[in-house]
Amino acid sequence: MNFEKVVFGFFVVLAATLNFGFFLGPIDNPSVHNAGELFAAVVVNLIALVMKFGDRTQIGAVHLATSLVASLQLVAAAGLWSYYNHLVDGAPLSPEQISSVVSLSGGALLANIISVTLLVVETVSFRRQ
Amino acid sequence: MGPSSTAIFLVLRRMRAPLIVLISLFAVSILGLTLMPGVDAEGKPWHMDPFEAFYFMSYTATTIGFGEIPHPFTTAQRAWVIVSIYLSVVAWAYAIGSVLALLQDRGFKEALSLQRFERRVRGLREPFLILAGFGQAGQVVARSLDLTDHRLVVLDVEPARIEALDLAAFRSDVPGLAADASNPLELRRAGLESSTCEGVIALTNDDQANLAIAMTAGLLRPDLPVVCRTLEDGLVERMRAFGQPMIVDPFNLFGDGLMLAVRAPQTARLVTWLTSDSGTKLPAPMTIPRRGRWVVCGYGRFGGHLAADLRRYGMPVTVIDPRAQPNADMEFISGDATDPDVLVQARLSDAVALAAASDNDISNLSVLAEAQRANPDLFLVGRQNDPANAPLFEALQVESMLVPTQLVAHEVLARIGDATVWRFVQEAQKQDDAWSTELLDRITATTGEVLSDRWTVDLDEHGAPALLDHVRTGRVQVGALLHDPQDRDRSLGVVLLAIMRRDQVLLAPPDDEPLAENDRLLLIGEPQDRRALDTVLSVPAAAEYVLSGRRIGQSWVWRTLVDR
């Protein structure tokens with residue numbers, strides 16, 4: 001067992017699951033989309049992105065690209081959330097506002113699913129020597 | 001992705017751990033700040049949101065420190081801020097330290113310099129030569145080639161020599177790489193397969209490496225000329241197995257030069273002078289004895305070549321060597337030439353010349369000094385192995401010096417610098433003294449005793465557009481051409497050394513020799529006379545005036561009005 005692979009797989013999957021957790025639920029209901037979960041998704045996605053640096057294979061390049069897309073979309077979602085949150089101090093987000101944040105995270109979720117698929121494909125196609 | 005993108009991947013790979021640490025510690029700090037209970041301006045309970053926490057952490061971690069924004073902190077918040085500050089200091093120190101360590105890293109530096117080298121080689125749009133080996137001979141060759149407007153790419157195993165490239169003050173940009181040129185991969189990096197590569201020069205100190213370079217070039221680019229230095233006879237045949245490399249063997253060359261000087265001293269003088277750099281003064285004629293007994297001290301590679309050459313010219317030879325093999329053809333004395341008792345056996349008083357040919361400079365010097373004392377009339381030949389000893393040999397006033405590095409450089413330049421001069425020299429070497437004296441007198445009378453530029457002119461559409469129609473009539477003679485386009489009574493200070501006509505070389509043709517289309521002329525003269533001749537070759541009016549004396553209009557209008 002390669003410990004590096006465990007950590008790598010852990011972060012890739014965790015990035016996808018956190019993202020999924022935030023995305024889950026009616027898109028216009030602020031009470032089912034937790035800001036803390038969005039924060040965790042951003043951080044874990046950034047870490048997954050950095051872990052994919054410096055791999056020169058073709059599959060490594062696609063991995064890096066998907067993570068880059070997911071991180072960008074999640075950072076945009078978090079930025080949007082902070083912006084709406086400060087428009088009116090303390091007030092919860094309106095259905096229109098929360099749905100734009102959640103839809104951004106939905107895009108990131110798609111990229112994360114591709115990333116996880118790649119991980120699975122890579123693992124399945126790996127044969128023991 | 002080529003090997004040249006290694007550097008960026010190295011950076012990314014090394015920065016993974018520091019960046020993850022930085023992101024994690026930031027995340028922990030921000031999370032902590034959002035959880036700590038605070039109060040707003042009215043004293044109501046309040047929590048920082050992630051955005052405010054990120055803002056606070058950003059200016060705190062980067063030591064900007066705007067203070068407690070947006071509301072003054074509670075004790076709980078301040079306690080957590082203390083933790084975050086220390087966390088962020090550790091994270092930044094680790095990240096910056098990693099970057100600095102990477103910049104100092106040997107592998108990273110090599111990856112960077114390799115990347116820069118490949119970019120510079122790719123950027124060469126002009127024809128260039130690959131020079132493998134930047135030792136003494138290589139440096140002389142590089143400097144001269146640079147002065148004659150050749151572009152170079154240099155390879156050498158010694159990193160220090162490549163670093164010296166930057167200080168060498170070349171006129172053009174010379175990319176250099178510290179690498180083993182006998183490795184085909186490195187030669188390809190240096191642009192061996194580039195369409196603008198026009199030749200390979202192998203001058204490393206290692207004969208085997210030179211052989212490997214000749215082999216690589218011969219197999220990958222059979223069309224390229226390859227010049228290769230070697231000291232071993234055995235390797236010559238092996239080098240010839242791969243294409244037709246030009247082989248430069250300093251010992252053979254020196255023997256050939258010496259024999260040419262024995263046979264025709266003026267020819268040797270002419271050839272040596274014309275293959276030097278512009279600006280070289282005419283050397284004094286060598287007063288080499290043409291008959292009499294030679295003493296050769298040291299029967300190694302050089303001594304062996306020299307003794308064999310002398311025997312071929314029928315001169316008696318006495319060889320002194322500790323490991324001498326008796327040979328019916330020559331007189332052998334077994335012993336060390338630096339021992340006065342041994343040297344006495346060679347009867348220096350009735351010898352005409354002595355060659356100190358061992359591979360040890362100190363014994364060569366002592367033999368030369370001893371011989372000079374025993375018989376001041378002796379013609380002395382010295383072999384100098386280490387350039388650092390040059391002043392010692394000069395102080396002894398040795399008539400003929402073998403300096404392998406200089407000889408190799410001279411030969412390489414003659415061959416690769418200008419193929420036309422090389423062909424001329426090959427033919428000129430066969431001429432006798434009377435011919436050489438006459439040509440030398442003509443050159444010195446026209447251009448002086450300092451060597452002027454040599455250049456070639458092709459009598460075709462590109463080289464001589466204005467002259468071509470006249471040449472096609474077959475009535476243009478050599479003597480008529482070399483006149484001033486301002487005043488045709490004045491001759492140009494230019495000497496025609498040779499005409500290359502198909503496979504023929506017409507040496508120093510007489511004034512009434514008619515010129516033909518596609519002739520290649522080899523000329524020597526001052527730059528201003530070269531410009532004047534260029535005018536004759538390219539401006540129809542000037543050509544007409546010089547050849548016939550008729551002045552015609554230069555513009556179309558004038559020609560239509562006047563010359564109708």
Side-chain angles (χ1 to χ4, degrees), chain A residues 3-4 7-8 10-12 14-15 18 22 30 33-65 67-68 70-71 74-93 101, chain B residues 1-36 38-42 44-58 69-71 87 91 94-95 98-99 102 105 107-108 111:
Chain A
F3 186 66
E4 193 191 337
V7 176
F8 184 78
F10 171 78
F11 275 103
V12 171
L14 187 63
L18 282 171
F22 176 77
H33 301 289
N34 187 327
E37 200 164 12
L38 178 61
F39 172 72
V42 170
V43 172
V44 173
N45 263 283
L46 284 177
I47 291 177
L49 171 69
V50 173
M51 294 196 81
K52 291 170 179 178
F53 278 177
D55 187 346
R56 293 177 62 174
T57 59
Q58 172 67 25
I59 207 153
V62 182
H63 254 309
L64 183 62
S67 255
L68 212 52
S71 303
L74 283 175
V75 167
L80 205 59
W81 186 87
S82 299
Y83 172 70
Y84 289 143
N85 202 31
H86 283 258
L87 277 182
V88 184
D89 246 352
L93 269 61
V101 171
Chain B
M1 259 177 278
S4 58
S5 52
T6 312
I8 182 75
F9 281 100
L10 220 52
V11 175
L12 288 177
R13 210 165 240 291
R14 293 290 193 81
M15 289 312 292
R16 277 195 305 203
L19 283 178
I20 289 175
V21 168
L22 194 67
I23 292 173
S24 313
L25 293 185
F26 249 71
V28 169
S29 307
I30 291 171
L31 190 66
L33 273 177
T34 56
L35 296 178
M36 288 301 135
V39 288
D40 64 8
E42 290 107 54
K44 285 188 287 185
W46 167 78
H47 282 275
M48 267 191 164
D49 73 4
F51 173 74
E52 283 162 340
F54 180 59
Y55 174 59
F56 175 80
M57 276 315 297
S58 299
I69 298 174
H71 311 298
L87 287 181
Y94 180 36
S98 298
V99 171
L102 185 64
D105 187 76
F108 179 69

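Quick note on labels: first sequence line is chain A, next is B, and so on, each numbered from 1.
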What do you reckon, is CZ of B:Phe54 surrounded by more than 12 foreign heavy atoms closer than 6.0 Å? no
Kindly indicate whether the side chain of B:Pro50, heavy atoms from C-beta on, has any atom under 4.5 Å from the side chain of A:Trp81. yes
Is the number of heavy atoms from other residues, nucleotides or ligands under 6.0 Å of B:Phe51 CZ greater than 12? no
Taking all atoms of both residues into account, what is the closest heavy-atom pair of A:Phe39 and B:Ala27, and its distance? CZ-O, 3.5 Å
Just verifying a value: how many Å separate A:Asn85 CG and B:Asp49 CG, rounded to the nearest 0.5 Å? 5.0 Å
Would you give the length of the straight line joining atom CZ of B:Arg16 to atom CG of A:Asp55, rounded to the nearest 0.5 angstrom? 7.5 Å
Is there a side-chain contact between A:Phe53 and B:Met15 in this structure, where contact means two heavy atoms from C-beta onward sitting under 4.5 Å apart? no
Chain A contacts, top residue of B:Leu22, B:Val11, B:Leu12 (heavy-atom pairs, under 4.5 Å): B:Leu12
